Number of protein chains: 2
Amino acid sequence: MKRRNTPAKTAVLNILQQAQSALSQDSIEAEVKGEMDRVTVYRVLNRFCEDGITHRILADDGKYYFALCLNCNEENHDHDHFHFRCLGCQKVECLKQQVQVILPQGYRQNAISSWVTGYCKNC
Amino acid sequence: MKRRNTPAKTAVLNILQQAQSALSQDSIEAEVKGEMDRVTVYRVLNRFCEDGITHRILADDGKYYFALCLNCNEENHDHDHFHFRCLGCQKVECLKQQVQVILPQGYRQNAISSWVTGYCKNC
DNA sequence: CGTATTATTGCAACATAATTGCATTAATAA
DNA sequence: TTATTAATGCAATTATGTTGCAATAATACG
Ligand SMILES: [Mn+2]
Ligand SMILES: [Mn+2]
Ligand SMILES: [Zn+2]
Ligand SMILES: [Zn+2]
């Protein structure tokens, strides 16, 4: 399924690139108000995830956030870092620190989702 | 608001005690099918949380899971441990390992939510 | 026990986040 | 320029959880 370049795709990608942080669907929707449908935002973001352009993280507020994959290449994705959500400015960031977990015997690890909520240095 | 003992409350508590793991509303609902309403399950569980009988954890599948507070006392709740969700049997457990995170300068930590998904030793 | 008080329940409606179906539009290849 | 089909808009649907309100029933108290 070959991808096509569309205004919607370009607009969402620009927003993510300028954000320097993970964004939720609704915050992106707010920025493109009128330009495109709500569903299109979801679909563009999901396609980005399928294509390895973004990664999708379910925050502890129950919403998905999307962040550009910065240190990933086509084959190796590495998203086992902590995520921080600020209760003041609502900003979500990918932290540098990797999550270290040792599972009990016989357990196999598939994915990790680690969140810290609190207040960032500006809040 | 003094609590009352009801069949609904007793049934849900029994299920949690026998489970030895965290349960979602829908899995509890499945076990009490016909006995009580969907909303009652939510309300019983939320009351347990208010009363410090259970704690509520939002999993990386977007659902809340409820687990008995075992090592908590009235004042000190300690839920900063990893949680494991099995993709095979759907079971959710609280792992022993505590989450260790060092935040960037100036950041304040409020709450932690750490999930590992994968397959347990039986799956 | 009998009665009053009010916590708890059931049911319908609502809220919010995200997905799906389908006809239409438009990006790309030939 | 035209054919192909990915992408879009809109409405409907799913999923999870909450809220309003009248009816029910657990508890306290004489
Ligand atoms: Mn990340
Ligand atoms: Mn726990
Ligand atoms: Zn902040
Ligand atoms: Zn399992």
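Not measured: the values here are computed from a predicted model. Chain A is the first sequence line, chain B the second, and so forth, proteins listed ahead of strands; every chain is numbered from 1.
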Could you tell me how far apart A:Asp37 (CG) and C:dA18 (P) are, to the nearest whole angstrom?
15 Å
What nitrogen or oxygen pairs link the protein and nucleotides 15-17 of chain D at under 3.5 Å?
unit_1, atom_1, unit_2, atom_2, d
D:dG17, OP1, B:Tyr64, N, 2.6
D:dG17, OP2, B:Tyr42, OH, 2.9
D:dG17, O5', B:Tyr42, OH, 3.4
D:dG17, N7, B:Arg38, NH1, 3.3
D:dG17, N7, B:Arg38, NH2, 3.4
D:dG17, O6, B:Arg38, NH2, 3.2

Please name all residues satisfying side-chain contact (heavy atoms from CB on, under 4.5 Å) with B:Arg3, sequence neighbours left out, ordered by chain then number.
B:Met1, B:Lys9, B:Arg47, B:Glu50, B:Asp51
Applying side-chain contact (heavy atoms from CB on, under 4.5 Å) to B:Val12 and B:Phe66, what does each step give before you reach the verdict?
CA-CA 11 Å; B:Val12 172; B:Phe66 299 83; over 6 Å; no
Other residues, nucleotides, ligands: >12 heavy atoms within 6.0 Å of B:Gln100 CD:
no
Test side-chain contact (heavy atoms from CB on, under 4.5 Å) on B:Tyr65 and B:Leu23; report intermediate values, then the result.
CA-CA 5 Å; B:Tyr65 285 77; B:Leu23 298 175; 5.6 Å; no
Side chains of B:Tyr64 and B:Ser24: does their closest heavy-atom pair fall under 4.5 Å?
no
So if I take residues 10-21 of chain A and measure heavy-atom distances to DNA chain C, which residues fall below 4.0 Å?
none
Summary of ring-ring contact (aromatic ring centres under 6.0 Å, His included) pairs that have at least one residue in residues 85-108 of chain A, sequence neighbours excluded
A:Tyr107-B:Phe84
Is the shortest side-chain heavy-atom distance between A:Ile57 and A:Trp115 below 4.5 Å?
yes
Go through B:Ser114 and A:Ser113 one step at a time and tell me if the side-chain contact (heavy atoms from CB on, under 4.5 Å) criterion holds.
CA-CA 6 Å; B:Ser114 273; A:Ser113 171; over 6 Å; no
So A:Arg85 and A:Asp60, do their side chains get closer than 4.5 Å, heavy atoms only?
yes
Over all strands shown, is B:Glu29 touching base, sugar-phosphate only, or nothing at heavy-atom distances under 4.0 angstrom?
nothing
Just how far, in rounded Å, is C1' of C:dA7 from NZ of B:Lys9?
10 Å
Heavy-atom distance under 4.5 Å between the side chains of A:Leu45 and A:Arg56, does that happen here?
no
Whole angstrom is fine here: how far is it from CG in B:Leu45 over to C1' in D:dT18?
14 Å
B:Glu50 atom CD is separated from D:dT18 atom P, nearest whole Å, by 11 Å
Contact letters for nucleotides 22-30 of chain C, in which S counts primed atoms plus P, OP1 and OP2 and B counts the base, heavy atoms under 4.0 Å:
----BBSS-
Apply salt bridge (Lys or Arg N to Asp or Glu O under 4.0 Å) to A:Lys63 and list each qualifying residue two or more places apart in sequence or on a separate chain.
A:Asp26
